[in-house]
Amino acid sequence: MNINYFNLPFGAQLLLWTSRVLIKGCCRAIPNKYQLINMAYNKVGIYDGANLHKNFLFMLKDRKTFTLQHINCQNLNKTEINLINCIEDYKSEKFYDDHYLEIWNLKDNQRKFILAAQYLASAYKAFNLDTDLNSIYLNRNVENKEKFISKTLH
């Protein structure tokens, strides 16, 4: 399945862009990658978003099964789709599944990963940032324009 970055809901775009910047970005640039990420999160109301996001990606970044593309790539790979789905799943308070722990081989950092994913997901949920990939297909049928607009504009 080919998913284009520009067809993603705003929350998924923000998650993917900040993840790519955090992994592939430069600390020596002005502004550095953490400042860029904080600026992006501050625009939607999440303060200290770089730390929330860094805590989440810290355990993933060195895994062989975790590969993010460069910032300018439009088509998502399987890891990026799983990353977005992970945050969407952890928005549910009752979600607990070993699926993401298994695909990224995180059994050794299980508790830390779950907490970091829950904190980031709860921030996305609190500020109504849509990360549901199903909304791509729902929004193609633009019968309900109000729903489409509320999910994409911030």
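Note: hydrogens, waters and symmetry copies are ignored here, and every other heavy atom, side chains too, is used.
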Worksheet item: With a 4.5 Å heavy-atom cut-off, do Asn51 and Asn38 have their side chains touching?
Response: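 Counting from C-beta outward, Asn51 and Asn38 never come under 4.5 Å.
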
Practice prompt. Just say parallel, tilted or perpendicular for the rings of Tyr100 and Tyr90, cut-offs at 30° and 60°.
Written response: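 Correct class here is tilted.
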
Discussion item. Is it the case that over 12 heavy atoms from other parts of the model lie below 6.0 angstrom from the NZ atom of Lys24?
Written reply: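 Check passes, neighbour count above 12.
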
Worksheet item: So if you build clusters from Ile, Leu, Val, Met, Phe, Trp, Tyr with side-chain heavy-atom gaps below 4.5 Å, do Tyr47 and Leu36 land together?
Response: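 No, Tyr47 does not connect to Leu36 through the hydrophobic network.
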
Worksheet entry | Residue pair Asn4 / Asn7, side-chain donor-acceptor N/O under 3.5 Å |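 No.
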
[X] [atom1] to [Y] [atom2] distance, which is reported to the nearest 0.5 Å:
| X | Y | atom1 | atom2 | result |
| --- | --- | --- | --- | --- |
| Asn109 | Leu115 | CG | CG | 11.5 Å |
| Asn77 | Ile3 | CG | CD1 | 10.5 Å |
| Lys107 | Phe113 | NZ | CZ | 11.5 Å |
| Asn85 | Ile103 | CG | CD1 | 9.0 Å |
| Leu14 | Thr131 | CG | OG1 | 10.5 Å |
| Leu60 | Thr65 | CG | OG1 | 8.0 Å |

Practice prompt. Applying side chain to side chain contact (heavy atoms under 4.5 Å, CB included), run through Ile71 and Val21 and close with a yes or a no.
Written response: CA-CA 7 Å; Ile71 295 168; Val21 167; 3.7 Å; yes

Worksheet entry | Polar side-chain atom of Asn55 near backbone of Ala116 as donor-acceptor pair, under 3.5 Å |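 Pair absent, no side-chain N/O of Asn55 close to backbone of Ala116.
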
Practice prompt. Return yes if some donor-acceptor pair links the side-chain N/O of Gln35 with the main-chain N/O of Asn32 below 3.5 Å, else return no.
Written response: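 Flag set: sc Gln35 to bb Asn32 pair under 3.5 Å.
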
Item to complete: Given side chain to side chain contact (heavy atoms under 4.5 Å, CB included), test Phe56 with Ser19 step by step and report yes or no.
Response: CA-CA 10 Å; Phe56 173 66; Ser19 297; 5.7 Å; no

Of all the heavy-atom pairs spanning [X] and [Y], show the shortest one and how long it is.
| X | Y | value |
| --- | --- | --- |
| Gln110 | Leu101 | CG-CD1, 3.4 Å |
| Asn105 | Arg63 | O-NH1, 3.0 Å |
| Asp130 | Pro9 | OD2-CB, 3.4 Å |

Worksheet item: Between Lys61 and Phe66, is NZ or CZ placed under 6.0 angstrom from the six-membered ring centre and within 45° of the ring axis?
Response: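 Relative to the ring axis of Phe66, which defines the angle, Lys61 lies outside at least one limit.
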
Practice prompt. Run the numbers on Tyr34 and Cys27 for side chain to side chain contact (heavy atoms under 4.5 Å, CB included), then give the verdict.
Written response: CA-CA 8 Å; Tyr34 300 108; Cys27 290; 3.8 Å; yes

Worksheet entry | side chain to side chain contact (heavy atoms under 4.5 Å, CB included) partner of Arg20, chosen from Thr18, Leu16, Ile23 |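 Going through Thr18, Leu16, Ile23 one by one, the side chain to side chain contact (heavy atoms under 4.5 Å, CB included) with Arg20 is satisfied by Leu16 alone.
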
Worksheet item: Between Leu22 and Leu68, is a side chain to side chain contact (heavy atoms under 4.5 Å, CB included) present by the stated rule, with each step listed?
Response: CA-CA 10 Å; Leu22 196 59; Leu68 291 181; over 6 Å; no

Can you give the donor-acceptor pairs under 3.5 Å from side chains of residues 117-126 to other protein atoms, not counting sequence neighbours?
{"from": "Ser122", "atom 1": "OG", "to": "Gln118", "atom 2": "O", "distance (Å)": "3.2"}
{"from": "Ser122", "atom 1": "OG", "to": "Tyr119", "atom 2": "O", "distance (Å)": "2.9"}
{"from": "Tyr124", "atom 1": "OH", "to": "Leu15", "atom 2": "N", "distance (Å)": "3.3"}
{"from": "Tyr124", "atom 1": "OH", "to": "Tyr41", "atom 2": "OH", "distance (Å)": "2.9"}
{"from": "Lys125", "atom 1": "NZ", "to": "Lys91", "atom 2": "O", "distance (Å)": "3.4"}
{"from": "Lys125", "atom 1": "NZ", "to": "Glu93", "atom 2": "OE2", "distance (Å)": "2.8"}

